[in-house]
Amino acid sequence: MVDLLPAETPLWHQVELVAREHFSRAGISEIRTPLLEITDLFSRGIGEGTDVVGKEMYTFSDRGNRSCTLRPEGTASVVRSIIQNGLLSQGVQRLWYSGPMFRYERPQAGRQRQFHQIGLEIFGLDSPLSDAEVIAIGWDLLKDLGVKDLSLEINSLGTNEDRKRYRNILMGWLKDHFNLLDSDSQVKFHTNPLRILDTKNIETKKLLLDAPLLIDALSTESKERFLNLQNLLISLNIPFEINYRLVRGLDYYCHTAFEITSTKLGAQSTLCGGGRYDGLVK
């Protein structure tokens, strides 16, 4: 974890100011949630088989012997808040948040155990228009901040039914290549096989180039929705590439998944990522 010294904080103020201007212009309100939550919120919401829950959370028992966790991301806390405070009964919710998050991972350039995140959530809209709007706000914000060489990758993760169908296909293929997987992926084969697609192991990545693709398991409706999203991004003049192996690192996504990267950041190239998660509130 690092200190933000007086020489650096004016730059942080500028980033936060530009973000506030973009969200205000888009009619998005700020929400602030606690840094500390009951652990079960993240293990249920993010997913037991994810690296975040399995390896990276700062979790401890408080004086009441309740398991508590420093938030590793912002979405689960926002969802908990809007349910607990009855905001969903008040119509569409367009919310943004910012602040420190905590993950116990190997510190490196651009990645600390306390890191800072600005996030955006829209609840109550089913159309791919809302997906395109979220991507456009992130894209415009990063461009306005002067970040160069931006690239946008998108994918469709389909519905729960699509992913169940794909999971069976993928597990059959992985079973045939089990001995070639790295040890971490072999563990995930039994707990959360889709997470293997998110591997950082170079040899497993090469192996997965021949694996079945999720796009081939999508329903006609899911494919049409993904095509509509592409057309919306084209109409907004936002360039993109389709990455059929983009799955993101959390269990709650469905349909749209996206990442915005820059070649100017070195190894940690991802600036912004997100997607849809229709089942998370439930």
Side-chain angles (χ1 to χ4, degrees), residues 4 9-38 41-42 44-46 52 69-103 114-147 150 152 154 228-229 232-233 235-236 238 248 250 252-260 270-282:
L4 297 176
T9 49
L11 185 58
W12 284 68
H13 293 162
Q14 180 62 24
V15 170
E16 291 160 358
L17 177 63
V18 173
R20 284 179 181 277
E21 290 173 348
H22 277 256
F23 294 140
S24 176
R25 193 161 60 234
I28 298 164
S29 304
E30 184 180 10
I31 185 170
R32 301 187 183 190
T33 61
L35 272 66
L36 195 68
E37 297 273 11
I38 296 298
L41 173 70
F42 301 115
R44 282 188 299 111
I46 298 174
V52 173
T69 295
L70 291 170
R71 62 185 185 191
E73 55 96 49
T75 296
S77 294
V78 172
V79 174
R80 191 262 318 142
S81 180
I82 65 171
I83 294 170
Q84 198 168 4
N85 293 287
L87 298 186
L88 289 173
S89 64
Q90 301 174 25
V92 174
Q93 297 295 309
R94 301 162 61 83
L95 307 169
W96 73 274
Y97 61 85
S98 67
M101 312 290 166
F102 303 84
R103 294 190 189 184
Q114 175 176 302
F115 60 99
H116 298 261
Q117 197 174 71
I118 297 175
L120 161 65
E121 316 283 353
I122 298 180
F123 299 95
L125 293 174
D126 188 42
S127 165
L129 273 169
S130 57
D131 302 7
E133 181 184 12
V134 168
I135 292 171
I137 291 171
W139 183 264
D140 291 344
L141 172 56
L142 292 170
K143 289 191 75 172
D144 204 9
L145 289 171
V147 185
L150 293 177
L152 167 65
I154 61 172
N228 287 336
L229 173 66
L232 287 166
L233 293 174
S235 69
L236 290 167
I238 299 177
R248 302 288 299 147
L250 310 178
Y252 51 59
Y253 286 106
C254 68
H255 289 303
T256 302
F258 72 90
E259 286 188 356
I260 302 175
T270 302
L271 280 159
C272 174
R276 258 194 111 75
Y277 30 85
D278 294 345
L280 183 59
V281 171
K282 180 181 178 181

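Rounded to the nearest 0.5 angstrom, Leu120 CG and Ile122 CD1 are separated by 5.0 Å. Note: Asp126 CG to His255 NE2 = 7.5 Å, rounded to the nearest 0.5 Å.
Taking the side chain as every heavy atom from C-beta outward, Leu95 and Ile82 approach each other to under 4.5 Å. The side-chain heavy atoms of Asp131 and Ile154, taken from C-beta on, include no pair separated by under 4.5 Å. Considering only heavy atoms from C-beta on, Tyr97 comes within 4.5 Å of Thr75 through its side chain.
No donor-acceptor pair closer than 3.5 Å links the side chain of Arg276 to the backbone N or O of Thr256. Of the possible donor and acceptor atoms, none in the side chain of Ser24 sits under 3.5 Å from a partner among the backbone N and O of Glu21.
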Exercise for review: Check the pair Leu236, Ile135 against side-chain contact (heavy atoms from CB on, under 4.5 Å), reporting the backbone distance first and the verdict last.
Suggested key: CA-CA 10 Å; Leu236 290 167; Ile135 292 171; over 6 Å; no
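Contact between Pro128 and Asn228 at its shortest, heavy atoms only, is CG-CB, 4.1 Å. For Gly138 against Ile260, the heavy-atom pair with the smallest separation is C-CD1, 4.2 Å. Among all heavy-atom pairs drawn from Glu73 and Gln117, the shortest one is CA-OE1, 4.2 Å. The two residues Leu41 and Ala76 have their closest heavy-atom pair at CD1-O, 3.8 Å. Closest of all the heavy-atom pairs between Leu145 and Val15 is CD2-CA, 3.9 Å. Residues Val281 and Ile83 approach most closely at O-CD1, 3.6 Å, considering heavy atoms.
Residue pairs meeting the side chain to side chain donor-acceptor pair (under 3.5 Å) criterion with at least one member in residues 85-94, sequence neighbours excluded, are Ser81-Asn85, Arg94-Glu133. Residue pairs that meet the ring pair (Phe, Tyr, Trp, His ring centres under 6.0 Å) test with at least one member in residues 115-139, sequence neighbours left out, are Trp12-His116.
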Only distances under 3.5 Å count here; give the side-chain donor-acceptor pairs of residues 26-36 to other protein atoms, sequence neighbours excluded, each with its distance to 0.1 Å.
residue, atom, partner, partner atom, Å
Glu30, OE1, Arg20, NH1, 3.2
Glu30, OE2, Arg32, NE, 2.9
Glu30, OE2, Arg32, NH2, 3.4
Thr33, OG1, Arg71, NH1, 3.4

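Under the rule for a ring pair (Phe, Tyr, Trp, His ring centres under 6.0 Å), the partners of Phe23 that lie at least two apart in sequence or sit in another chain are Trp96. With sequence neighbours excluded, no residue forms a salt bridge (Lys or Arg N to Asp or Glu O under 4.0 Å) with Asp140. In this structure, the side-chain hydrogen bond (donor to acceptor under 3.5 Å, both in side chains) partners of His22, at least two apart in sequence or on a different chain, are Arg25, Asp144. With sequence neighbours excluded, no residue satisfies side-chain contact (heavy atoms from CB on, under 4.5 Å) with Leu11.
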